[in-house]
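In each ligand, atom 1 is the first atom listed, and ligand 1 is the first ligand listed. Residue numbers start at 1 and run along the sequence shown.
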Amino acid sequence: MYGLLALLTLPAALAQTIPNVSLLIDNPAVYNGKATIRSILPWVSVRKGSLFHFGSTHDIFAPAAEADWTSDKFWNVWNHIVAENGCKWYDTEPQPFVHNLTDCKGVQQYATDHGATFRGHNTFWHSQTPSWLPGNVSASELVNKVIPNHVQTEISGLGWDVTSWDVTNELIGDSTTMGMDAWECVQSADRWPTVTVDGGSTPLVTDLSFAYAAWSTALKYDPGKLVYNDYSTGATNNSKTECVFKLIASLNEQAGVPYSRMGVGFQSHVGASPGQFVPKDQLETTFKRLADLGVDALITEMDMWIPTNTTAALRYQAAIWGDYIDACLYSSNCHEFINWDNRDDTSWITPGPGHGVAMPTLFDANGNPKPVYYEVLARFERYAAWKPEMCATAMGVAHCTVPRD
Ligand SMILES: *[C@@H]1O[C@H](CO)[C@@H](O)[C@H](O)[C@H]1NC(C)=O
Ligand SMILES: *[C@@H]1O[C@H](CO)[C@@H](O)[C@H](O)[C@H]1NC(C)=O
Ligand SMILES: *[C@@H]1O[C@H](CO)[C@@H](O)[C@H](O)[C@H]1NC(C)=O
Ligand SMILES: *[C@@H]1O[C@H](CO)[C@@H](O)[C@H](O)[C@H]1NC(C)=O
Ligand SMILES: *[C@@H]1O[C@H](CO)[C@@H](O)[C@H](O)[C@H]1NC(C)=O
């Protein structure tokens with residue numbers, strides 16, 4: 001995802017208060033530190049009762065210098081791959097109705113070559129569209145021809161070996177309010193295709209027919225999970241989260257998409273500062289609400305900037321990431337967890353106002369594992385050992401000291 005820089009502006013005062021947290025990696029008895037994450041995943045899957053997918057991003061046009069390192073990590077850390085850019089609309093349909101799935105299929109092949117699974121991201125988004133679109137098609141062409149053709153070609157082109165597809169990405173706006181209906185939630189985004197970007201201010205599409213077109217097409221051609229993916233969602237008592245529920249209800253009722261075929265992707269581009277991430281209990285409440293409908297929950301784009309390059313901040317990052325892992329592991333409907341970008345120096349999140357010193361991934365700029373990597377490994381080991389769920393460590397030692405068992 002791009003374009004959320006403005007959302008993550010951090011009040012200066014908050015940056016100073018990093019809670020003192022308790023971590024599993026402090027306890028040598030729980031943490032063996034030697035295993036690689038991927039070697040634990042089969043045992044995670046045993047407890048889950050189904051294959052657990054823990055992944056990261058790749059593109060076949062990524063810099064060659066990084067290739068060996070990345071390849072090593074897809075053997076030892078991740079068992080799941082998503083294309084960061086190679087499956088987006090600008091790359092897969094460079095000319096109207098002229099498709100090119102080379103970069104997208106290349107990532108799927110890379111997954112196969114590493115014994116990993118592949119997920120699709122994405123068939124419809126307002127950003128990274130081909131230059132011939134938008135502003136160059138009528139509403140009826142868009143809904144009846146352009147979207148169905150694109151979604152069908154991409155999904156059927158990649159075939160059945162895809163765990164889940166982000167059918168629509170970031171439809172909902174950032175200025176939602178409680179009580180909005182699904183269309184109002186999407187309209188509040190105030191961006192294509194709700195408004196034209198060819199200079200006109202007339203809305204291009206005045207209802208959710210474009211979303212129904214994408215989903216009903218995906219339903220026909222994809223046997224896997226169909227996902228609605230967005231950022232700044234997951235908190236309880238939150239209007240954007242409510243909008244997600246309104247939207248999936250609308251897709252269910254109006255586009256005939258069964259809940260059992262749906263997933264909701266929580267991008268989880270967050271910050272290691274209080275108020276800049278979703279606490280574990282709220283994530284789990286939201287995931288449970290989806291489970292009750294029969295809908296999957298996925299963490300799709302996890303990364304986490306830190307305010308300062310200090311031990312306390314790196315520990316806090318480890319605690320929050322670990323809690324997101326636990327929220328997914330201990331929720332019955334969460335089977336996929338994707339980390340966005342492989343290491344700090346290749347992340348799309350860079351240091352600057354609103355993102356502190358960034359450092360937002362599991363591996364530092366030299367490719368070495370950070371405390372967050374070891375804590376994530378320890379959370380997987382603990383789950384694989386059939387241990388009960390822990391308290392939310394990101395809340396700090398006043399709320400949670402991890403068991404020394
Ligand atoms: C962090 O919490 C632990 C356990 O309560 C305590 O021993 C330690 O002094 C605390 N550290 C700081 C920097 O507050
Ligand atoms: C398809 O995309 C690939 C990768 O970007 C490129 O090398 C190739 O030339 C494209 N094919 C066509 C027919 O444009
Ligand atoms: C608009 O689409 C038509 C085909 O539908 C194409 O020939 C034309 O080049 C496009 N215009 C732009 C500005 O891309
Ligand atoms: C929900 O949020 C609103 C406004 O943010 C607040 O006034 C209200 O007390 C909250 N309700 C609950 C149950 O937390
Ligand atoms: C963070 O601090 C450590 C220890 O001082 C240093 O080695 C490292 O280069 C710093 N990383 C960044 C990205 O500033």
Side-chain angles (χ1 to χ4, degrees), residues 7 10-11 14-31 66 69 172-180 185 188 232-246 271-286 288-289 303-323 340-375 390-405:
L7 287 174
L10 172 70
L14 280 181
Q16 313 308 320
T17 27
I18 295 170
N20 181 11
V21 290
S22 178
L23 297 175
L24 281 179
I25 53 174
D26 295 336
N27 181 0
V30 214
Y31 162 64
E66 206 205 319
W69 185 91
I172 298 168
D174 297 319
S175 47
T176 52
T177 53
M178 285 290 192
M180 281 183 164
C185 291
S188 82
S232 297
T233 51
T236 54
N237 190 24
N238 171 278
S239 61
K240 196 165 177 184
T241 300
E242 290 314 305
C243 278
V244 171
F245 282 92
K246 293 277 176 56
S273 260
Q276 303 289 322
F277 62 92
V278 182
K280 186 170 80 150
D281 61 329
Q282 294 193 28
L283 271 183
E284 290 182 345
T285 299
T286 301
K288 176 69 164 61
R289 221 177 131 190
D303 49 27
M304 189 187 304
W305 54 266
I306 58 175
T308 50
N309 180 12
T310 58
T311 301
L314 289 165
R315 286 177 60 82
Y316 197 47
Q317 181 183 50
I320 300 164
W321 213 301
D323 287 352
W340 204 253
D341 289 322
N342 294 290
R343 45 193 267 184
D344 288 350
D345 56 329
T346 62
S347 174
W348 70 288
I349 295 190
T350 51
H355 287 137
V357 294
M359 300 175 71
T361 75
L362 301 179
F363 293 91
D364 71 17
N366 297 316
N368 296 316
K370 292 158 60 184
V372 59
Y373 171 86
Y374 292 113
E375 182 66 13
M390 296 191 307
C391 45
T393 55
M395 298 296 103
V397 290
H399 294 83
C400 171
T401 303
V402 301
R404 292 287 180 246
D405 53 0

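Listed by number with element, the atoms of ligand 1 under 4.0 angstrom from any heavy atom of V397 are 2 (O), 5 (O). Interface atoms of ligand 5 facing N309, defined by a heavy-atom separation under 4.0 Å, are 1 (C), 2 (O), 3 (C), 8 (C), 10 (C), 11 (N), 12 (C), 14 (O).
Between F363 and Y373, the ring planes are tilted. Angles from 30° to 60° get that label.
Regarding atom 3 (C) of ligand 4, its nearest protein heavy-atom neighbour is N237 ND2, 3.6 Å. The protein non-hydrogen atom at the shortest distance from atom 13 (C) of ligand 5 is M359 SD, 3.9 Å.
Remark: of the listed residues V372, I306, T393, D26, D26 is the sole one forming a side-chain contact (heavy atoms from CB on, under 4.5 Å) with R315.
Using a cut-off of 4.0 Å between Lys/Arg side-chain N and Asp/Glu carboxylate O, R289 and E284 are scored as not salt-bridged. A salt bridge between D174 and K240 is present, with a side-chain N of the basic residue lying under 4.0 Å from a carboxylate O of the acidic one.
Proximity of atom 9 (O) of ligand 1 to the protein is not indicated, since no non-hydrogen protein atom lies closer than 4.0 angstrom.
Residue N20 holds the heavy atom nearest to atom 6 (C) of ligand 1 of all those in N20, V21, I18.
In terms of heavy atoms, A272 sits closest to P307 at O-CD, 3.5 Å.
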